[in-house]
Amino acid sequence: MIKPMSRIADSFWRAAAYCLHPRVIGLSLLPLIVSAALAFGLGYFFWEAAVAGVRATMESWSLVDGLLKWLDSLGAASFRTVLAPMIVLAMAVPALVVLSLLLVALLMTPSMVDLVGQRRFPGLERKHGGGFVASLSWSLGHTLVAVVALIASLPFWLIPPLALILPPLIWGWLGYRVFTFDVLAEHASGPERRRLINEHRLPLMLLGLATGYLGAAPAAIWALGALTIAFAPVLILVSVWLYTLVFAFSSLWFAHYALAALQEMRRADTVVASEPDPVMDALPANYATQPPVLPPPSV
């Protein structure tokens, strides 16, 4: 376990350095532009309808409506006004996280893996074990599982310790599954990818958990209370940018770790394949040659 942990640390610093590469910085603009345009478009056309729908739903629940009326009697009538928009924003943040992760995986990861392969592993053979369709199917399938897990875990978020554990754990699992597949799609064959994931499952899951907590960090900018509504357009842009950077770094982290592990695995296989056979090596050196022909003895 010591060696995988040292590789995780080495890959961390390499990924941080690669984030400053001009090519990575330029690539980060693609998911940012796409996700920001989509977020602002959906907000422009559906914001008022979403807020009105949430407010009507809350007022239809007698318990929630009674609580809001009680707050009105205490002079906190403004809370009724901001509660529905805050709920809509809280529901939109997970969608932004998923969107940013998928865009980074599809638009950035292949180019960043190619950059890492060219600069650090130029001699590593590319066996093309997965294409774009396979990567898209893998990402969408695991994203669906993660979304279902998030929805199912929502009641447990009311318990403070679990609220700090479950979301990063789910994001970490999703990042571990998606990024591991994508960074190995170009260089590893299918059997190599499955073998590497099995042999490095625990380190990869630890790496995914770390990136899950990194992915949860940008959500802290929404903890501004009512100010999030006034600055929602700016905060959406900032959060999308932060999520893009976090997932780009995570992709580079997985790329450095997984490609280094793949190179080591292939070297180990080569050494094992080239080792002499102990049975054959124990035979005399001339066992396969004809015995020398001696001249007839002289009389």
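All residue numbers in this chain count up from 1 along the given sequence. Every heavy atom of this structure was used, including side-chain atoms; hydrogens, water molecules and symmetry mates were not.
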Next item on the list: Working to the nearest 0.5 Å, report the span between OG of Ser28 and CE of Met112.
Entry: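 Separation between the atoms: 9.0 Å.
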Item checked: Any residue meeting side chain to side chain contact (heavy atoms under 4.5 Å, CB included) with Phe46, in chain and number order, not counting sequence neighbours ->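 Expected list: Leu42.
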Next item on the list: For the pair Phe12 and Phe249, name the ring-plane relationship: parallel under 30°, tilted 30 to 60°, perpendicular over 60°.
Entry: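 Phe12 and Phe249: perpendicular rings.
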Note to self: Is the ring pair Tyr257/His200 parallel, tilted or perpendicular, if the boundaries are 30 and 60 degrees?
What the structure shows: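 Tyr257 vs His200 ring planes: perpendicular.
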Next item on the list: Would you check if there is a donor-acceptor pair between the side chains of Glu186 and His128 at a distance under 3.5 Å?
Entry: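 The answer is yes; a qualifying pair exists.
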Without swapping roles, check the side chain of [X] against the backbone of [Y] for a donor-acceptor pair under 3.5 Å.
X      : Y      : answer
Arg7   : Ala258 : no
Ser139 : Ala105 : no
Ser111 : Met108 : no
Ser153 : Leu150 : yes
Trp138 : Arg177 : yes
Ser251 : Phe247 : no
Glu192 : Ser189 : yes

Check: Excluding sequence neighbours, so at least two apart, what forms ring-ring contact (aromatic ring centres under 6.0 Å, His included) with His256?
Finding: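 Result, ring-ring contact (aromatic ring centres under 6.0 Å, His included) vs His256: Tyr18.
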Item checked: Pair Asp10-Arg120, salt bridge (Lys or Arg N to Asp or Glu O under 4.0 Å): steps then yes or no -> CA-CA 13 Å; Asp10 177 73; Arg120 189 181 173 197; 3.4 Å; yes
